[in-house]
Each structure stands twice: as structure tokens, then as C-alpha cells.
Amino acid sequence: MVQNKNNKAIWNIRIKKDTSSIFKKVGSSINVDKRLFKEDIRGSIAHVEMLFKQKILSFKIKNKIIWGLNKIQNEIIKKKFNFNSNLEDIHMNIENRLFEIIGEDAGFIHTGRSRNDQVITDFKLWLKSATNEVIGHLNKLTKVIIKDAEKNIKTIMPGFTHLKNAQPVSFAHYLLAYVEMFERDKIRFKNNLENLSENPLGVAALAGTSFNIDRNYTSKKLKFKKPTNNSIDTVSDRDFVLDFLYSVSVCSIHISRLAEEFIIWNSDAFRLIKLNDKVVTGSSIMPHKKNPDPLEYLRGKTGNSFGNLFSMLTILKGLPLSYFKDLQDDKELVFKSFDQIKNCILILTEVLKNFTPNKKRMYELANIGYTTSTDLADYIVKSHNLPFRKAYQITSKIVNYAENKNIKLNELTLKELKKIEPKLNEDVLKLFDLENSIKSKKSYGGTSFENVKKMIKKYKKESK
Ligand code: ARG
């Protein structure tokens with residue numbers, strides 16, 4: 001609580017006893033919200049400039065307050081500021097210090113505003129730049145994936161469904177699937193900026209204010225598009241917090257899916273990729289081990305992102321209007337999610353710079369499990385004008401035959417194939433070539449090498 005000269009809370013005339021010390025301790029948020037100090041000072045400066053323009057504050061007091069606020073900012077940056085948990089939060093800490101520096105005139109700063117609008121203003125300003133920072137990190141990540149893809153257009157791997165070999169695909173095509181996901185994440189984060197563009201400052205506690213304030217002026221100063229419309233909604237609204245936590249959660253899912261696949265592929269059973277020494281850790285007892293800890297970290301942390309989102313959803317559910325202390329936890333959840341998603345994107349970027357695909361093994365595995373059977377079925381439809389279902393049955397018989405003989409489709413002779421389907425001729429043998437299979441998938445969005453090349457070109461152009 002802000003304290004006066006006698007070290008008493010500002011509300012000490014009304015509330016005669018000191019707040020219970022246990023609540024003072026746990027109810028204080030200064031250790032979390034001190035991260036908002038720059039935004040708090042920026043908001044306060046815009047506020048007093050507006051009060052002066054509206055002739056609510058004198059020129060002299062406005063300047064005195066701004067001078068004091070700048071001094072406080074310097075103190076905090078230089079780590080010379082003494083954060084006091086008795087003063088609850090960043091707003092009270094700064095106001096209290098302003099009293100110490102400029103004296104009683106500091107009391108004018110809180111004219112026509114409340115901590116309720118102040119905290120959301122700070123928070124929205126902070127979230128805007130945090131959101132842009134996440135987008136920046138995602139940009140770097142997608143550039144690295146595109147580089148990996150460029151080197152692997154012709155790398156053939158098995159595409160999976162149900163983790164069973166399905167059809168051969170270009171490894172680049174697989175990597176670009178993740179570019180699509182992270183591009184959607186960027187759009188999701190960008191869209192959130194719209195909800196962050198309304199200025200809460202000046203709605204005061206919940207009802208607006210009788211002072212002749214100019215909220216358009218502070219909106220402009222703080223680079224918001226416009227003031228919020230409803231004072232009660234403004235102090236109760238935390239949708240923008242949910243938006244951020246949700247976007248982080250979806251992005252975490254994408255990171256986690258990639259991490260899981262790479263863990264599987266790096267396993268001794270799969271051996272489709274090899275993680276370089278920079279992104280593995282060892283074992284305390286088994287000297288031979290190289291474990292994919294960074295990827296496991298990414299997969300694990302996803303749980304925390306969901307947890308933060310669910311905490312906020314639960315805090316808001318059934319909360320009457322308008323401000324309640326319950327809302328104070330919003331900042332801790334967002335800061336935690338932000339720090340974590342930033343670290344996760346950076347770690348994933350490192351992993352993607354430090355792995356090698358095992359091209360030989362990828363190719364071999366792609367040729368196991370009759371992955372070109374769909375190509376055969378498609379061919380029968382095209383060359384013999386049969387319905388797909390019929391072609392599917394013929395192909396199934398051929399796969400059964402190969403399976404019984406324990407051979408691959410490309411090891412079948414034309415004679416054997418003709419025994420099952422007499423119409424087939426030697427053209428059919430080309431279908432079992434993995435490269436031909438991939439080349440044929442030319443439909444828009446398909447895995448053909450040509451398509452993949454075009455997509456890489458498109459991403460590169462767009463990311464310039
Ligand atoms: N520390 C508070 C929070 O972050 C600031 C708003 C306090 N408002 C109030 N009426 N107690 O939620």
C-alpha cells in the first residue's frame with residue numbers, strides 16, 4: 001500500500017489497522033509486476049500531459065511530475081530503486097517514490113484515473129511489444145526451417161499416418177508443414193494486436209470520471225487506436241490476456257509435435273535423424289548415451305502453457321463485473337507464458353540448426369511397407385478406366401502376394417503381376433520407384449519436388 005510520511009497506508013484514516021502481515025506478504029504483486037515499470041511511467045506521463053492540456057494540472061506541476069517520473073525510471077534502470085513489497089504493486093511503488101522525490105505535488109498524478117485502468121494500460125502496452133517480440137522469434141525460426149527444407153527437397157522419407165508408413169514424401173515438404181503452422185501462429189499473434197489497440201486509460205475505477213479528460217489525446221500519445229467504449233467492461237476485460245495465452249498454447253502444440261516427431265526419429269529404432277552434440281545431453285551412468293533433452297524440454301513445457309491458459313479461464317469464469325483482486329494473477333501467468341514460449345522458440349531454432357537427416361535410412365524406410373501401393377491403384381484407374389474401388393481391390397491382392405513372399409513391390413516381376421491382373425504391362429514397374437511416386441504428386445499443395453521448390457520460393461519472397 002502506498003504509505004504516507006508516517007509510513008502508514010494511504011487508506012489509514014479509513015482503515016485503522018495495518019493489513020494482516022500474511023496477506024500483505026502474499027497479496028503483494030510487486031515482484032511480478034515490476035516488469036511493467038516502463039509502461040507504467042509512460043502511461044503516467046501521457047496522463048499528466050493530458051491533464052495539463054485540459055487545464056486540470058498546472059504547467060509547473062506537470063513538469064515536476066514528469067521530471068520525478070523520469071528520475072524514477074533512471075533509478076529503476078540503474079538498479080538503484082528499492083522495491084517495497086509493503087507497497088503492493090508497481091503503481092504504488094512508483095507513486096510513493098514520486099512523493100519522496102517531489103513532495104505533496106505527487107498527489108496530483110492520480111487525478112481522474114485509478115489503478116484499475118492504470119494496470120490494464122500498462123499491461124496492454126507491455127503485451128503489444130511482447131507479441132511483436134514473439135512474432136520476431138517465429139520469423140527467425142521459419143527462416144531456419146526453410147533453409148533446412150531447401151537442402152532436402154530431394155530427400156525422400158516415408159510419410160506416416162497412424163505412425164505406419166503411408167506414402168513417400170519429400171523431407172522438405174514435411175518441414176514446410178511446420179512452416180505453415182508457425183505462419184498461422186504469427187497471424188494469430190498479429191490478430192491479437194487488434195484487441196490490444198483500445199486505450200483503457202481514463203475509465204478510472206469503473207465508472208469514468210467527472211474530470212474533463214481527453215482520452216483521445218492519451219490514446220494518440222500511447223499509440224492506441226482509440227479509447228475503450230465502456231468503463232465497466234474495460235476494467236473487467238481480460239480477453240486480451242486469454243488471446244495471448246491461447247496463442248502461446250497453440251504455438252506450444254506445434255513446437256511439441258515437432259519435438260515429439262524428432263524424438264521418435266532420433267531414437268535407435270527409427271534413426272531417421274541424428275541430433276548433433278550441441279542439442280543432446282549425456283547420462284550419469286551410461287557412457288554411450290546422447291539424449292534428446294532439449295526436445296523433451298519443449299514437449300514438457302507445453303503443459304505449462306496450457307496450465308497458464310486454464311488458470312486464466314478459471315479465474316474469469318463467473319467473476320462478476322468489475323475489478324476484483326482475482327485478476328491480479330493475470331500478469332504472472334502471461335509473464336511465465338511469454339518467457340517460456342520465447343525460450344522454446346529459441347531452443348527449437350537451435351535444434352533445427354543442429355541435426356542431420358539420415359538420408360539413406362529415410363529412403364530405405366520409405367520403401368518398406370508397400371508405400372507405393374496407392375500409386376499402383378491410381379495407375380490402374382487411369383490406364384484401364386476402372387473405378388477406384390476396383391483398382392484398390394486389385395492392388396490389395398498384389399500387396400497380399402508380395403507380403404506372403406516377403407518381398408517389396410519393386411521386387412515383383414511383370415509375370416507375377418500379370419498373374420494377378422492380366423491387363424498390366426511393363427509400365428507398371430516404374431510406379432514402384434519412390435522418386436516417381438513423389439514426382440507424380442503435382443496437385444496444388446502436394447509433395448512433388450516441383451511443388452516444394454515453388455513453395456520454398458514463395459516463402460522466401462514473403463519473408464523478405
Ligand atoms: N495490483 C493490482 C492488479 O494487478 C492493481 C489493480 C489494483 N486495483 C485495486 N482496486 N486493488 O490487479
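One-based numbering, in listed order, for ligands and for the atoms of each.
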Residue, atom name and distance, where the atom is the protein heavy atom closest to [atom]:
atom	value
atom 11 (N) of ligand 1	Arg115 NH2, 3.3 Å
atom 10 (N) of ligand 1	Asn116 OD1, 3.1 Å
atom 3 (C) of ligand 1	Tyr323 OH, 3.3 Å

- Task: Using distance alone, determine whether Asp89 and ligand 1 share an N or O pair under 3.5 Å.
- Result: yes
- Message: Would His91 count as being in polar contact with ligand 1, using the rule that some N or O on each side must be under 3.5 angstrom apart?
- Response: no
- Query: Taking the six-membered ring for Trp, are Phe160 and Trp265 parallel (under 30°), tilted (30 to 60°) or perpendicular (over 60°)?
  - Reply: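 Answer is tilted, since the angle falls between 30° and 60°.
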- For the residue pair Phe338 and Phe244, does the interplanar ring angle fall in the parallel (under 30°), tilted (30 to 60°) or perpendicular (over 60°) class?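 Tilted, since the angle between the ring planes falls between 30° and 60°.
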- Looking at the rings of Phe37 and Trp126, which for Trp means the six-membered one, are their centres under 6.0 Å apart? no
Can you list the ligand 1 atoms lying under 4.0 Å from a non-hydrogen atom of [X]?
X	result
Ser29	1 (N)
Lys331	3 (C), 4 (O), 12 (O)
Val119	4 (O)

- Query: Taking NZ, NE, NH1 and NH2 as the nitrogens, is one of them in Glu75 or Lys80 under 4.0 Å from a carboxylate oxygen of the other?
  - Reply: no
- Ionic contact status for Lys225 with Glu198, cut-off 4.0 Å: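 Salt bridge absent between Glu198 and Lys225.
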- Audit row: Glu450, Lys453, salt bridge (Lys or Arg N to Asp or Glu O under 4.0 Å) steps and yes/no: CA-CA 5 Å; Glu450 278 315 303; Lys453 259 187 226 157; 3.6 Å; yes
- Query: Any idea which heavy atoms bring Glu39 and Arg35 closest together, and the distance?
  - Reply: OE1-O, 3.8 Å
- Query: Among Lys325, Gln328, Glu332, which one has a heavy atom closest to atom 2 (C) of ligand 1?
  - Reply: Gln328
